[in-house]
Amino acid sequence: MIELAAAFAVAGAASNAVGTAFQRKAASTTRGAGVRILAELARRPVWMVGMAGVVGAAVFQSLALVNGPLALVQPLFILELPFALLVAGPLMHRRMPSWGWWGVGGVVVGLAALLASAAPRGSTDQAPLVRWIPVLVACVGAMAALILSAGRGRPPARRAALLAAAAATGNALTAALLKSATGTFADDGFTAFLLSWQTYGFALAGVGAVILLENSLQAGPLVASQPALTIGDAMVSLALGMVLFGESIRTGWWLVPEALGAGLIVVGVFVLSRAVQRIREPSRTETDRH
């Protein structure tokens, strides 16, 4: 089922990218604030398309986690970043610098090399409470330490990176809880799903991760937050998959291409983060030529 899980994960990354791009498109022309902005956005078809993309991403992620290891599914969501650029550029009538496509290539090639070399395997849907307790303590403790380290008065880039790392930890924890909850739904039905503590755990962790992400984006430049968010999510998910669900990756000499792939992803995300800050509106000549 590995191929099926990978296909669902890629579909989830693409769906979330579409949702994010359409939501940004709708929000960019909105004048409301607070709760009123939601009432205004809900009447816009563009925003509804964006919400459909986000909901679809959650469904695809659940299907991917049911069919494959966490260590495979979460890293594939790195593809959301290049997907978002591909969709948002034409939608928002913006153009990314040509060198930004080297970042796209680095992310895609690096991710392919990393996952092909690591070959994550061996997954279960559930973990005993004796494993969950130290994982929850470690993740919540790490998030709290990162938030405290990112207190006001720190340099903006450092604050953004630390808050993004906390959000990445929250995202990975959310995915682990979601995997367990969806496994319960698949095995025992909807009633068991509602009675599972993991169901409410992933909802709470997800909300916390979103709040941390928004604060990270406000605290400093994207070039500081995006690498910490992207790489942190993949690395923490790998660790949680191994500790909670008995997943494993290839070691030995395979660590060399795995490290090279991870390095390409880091460089690619860094390049894309810088390229996003330099996205511009095409000139009249370029638009006419197109």
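Given the structure is predicted, the values throughout are model-derived calculations rather than measurements. All values below come from the heavy atoms of this structure, side chains included, with hydrogens, waters and symmetry mates left out.
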Main-chain N/O of Ala145 paired with Ser149 side-chain donor or acceptor, under 3.5 Å: yes
Value rounded to 0.5 Å, distance of CD1 in Ile265 from CD1 in Ile78: 4.5 Å
Any Ser216 side-chain heavy atom under 4.5 Å of Leu229 side chain: no
Criterion side-chain contact (heavy atoms from CB on, under 4.5 Å) against Ile133, the qualifying member of Val135, Leu136, Leu129: Leu129
Minimum side-chain heavy-atom gap Asn171-Ser237 below 4.5 Å: no
Heavy-atom side-chain proximity of Leu163 to Ser225 below 4.5 angstrom: no
Separation of Leu204 CG from Thr199 OG1 (nearest 0.5 Å): 12.5 Å
Evaluation steps, side chain to side chain contact (heavy atoms under 4.5 Å, CB included), between Phe77 and Asp233: CA-CA 9 Å; Phe77 269 79; Asp233 189 351; 5.7 Å; no
Closest non-hydrogen atom pair between Ser15 and Phe60, with its separation: CB-CD1, 4.2 Å
same_hphob_cluster(Leu81, Leu115) at 4.5 Å side-chain heavy-atom cutoff: yes
Parallel, tilted or perpendicular, as decided by the 30° and 60° cut-offs, for the rings of Trp132 and Phe245: perpendicular
Pro134 and Val243, any side-chain heavy atoms less than 4.5 Å apart: no
Nearest heavy atoms of Ala176 and Leu240, plus distance in Å: CB-CD1, 4.1 Å
Rounded distance [0.5 Å steps], CG in Leu114 versus CD1 in Ile249: 8.0 Å
Leu194-Leu177 co-clustered via ILVMFWY side chain contacts under 4.5 Å: yes
Heavy-atom check, side chain of Leu63 versus side chain of Leu4, under 4.5 Å: no
Nearest atoms (heavy-atom pairs only) where Trp99 meets Val271: CZ3-O, 3.6 Å
Single-linkage hydrophobic cluster Val256~Val109, side-chain heavy atoms < 4.5 angstrom: no
Side-chain donor or acceptor of Glu247 paired with backbone N/O of Pro120 under 3.5 Å: no
Donor-acceptor under 3.5 Å (Ser117 side chain, Ala113 main chain): yes
Inter-residue atom distance Gln198.CD - Thr174.OG1, 0.5 Å rounding: 13.0 Å
Side chain to side chain, Val266 and Pro227, heavy atoms closer than 4.5 Å: no
Taking every non-hydrogen atom, the tightest pair across Pro75 and Leu111: O-CD1, 3.5 Å
Shortest non-hydrogen separation from Leu264 to Gly110 and the atoms involved: CB-CA, 3.7 Å
Connected via hydrophobic side-chain network under 4.5 Å: Val49 and Val54: no
Flag, side chain of Thr169 to backbone of Ala165, donor-acceptor distance under 3.5 Å: yes
Distance in Å, Gln126 CD paired with Leu244 CG, rounded so as to fall on 0.5 Å steps: 10.5 Å
Validation row: Val107, Leu272 side chains within 4.5 angstrom (heavy atoms): yes
Heavy-atom side-chain contact between Tyr200 and Leu195 under 4.5 Å: no
Shared hydrophobic cluster, Met242 / Val137 (ILVMFWY, side-chain heavy atoms < 4.5 Å): no
Sidechain-backbone polar pair: Asn215 side chain, Ile211 backbone, donor-acceptor under 3.5 Å: yes
Side-chain donor or acceptor of Lys179 paired with backbone N/O of Ala64 under 3.5 Å: no
Leu76 CG to Gln61 CD distance, which is reported to the nearest 0.5 Å: 11.5 Å
Nearest non-hydrogen partners of Gly183 and Val66, listed with the distance: N-CG2, 4.4 Å
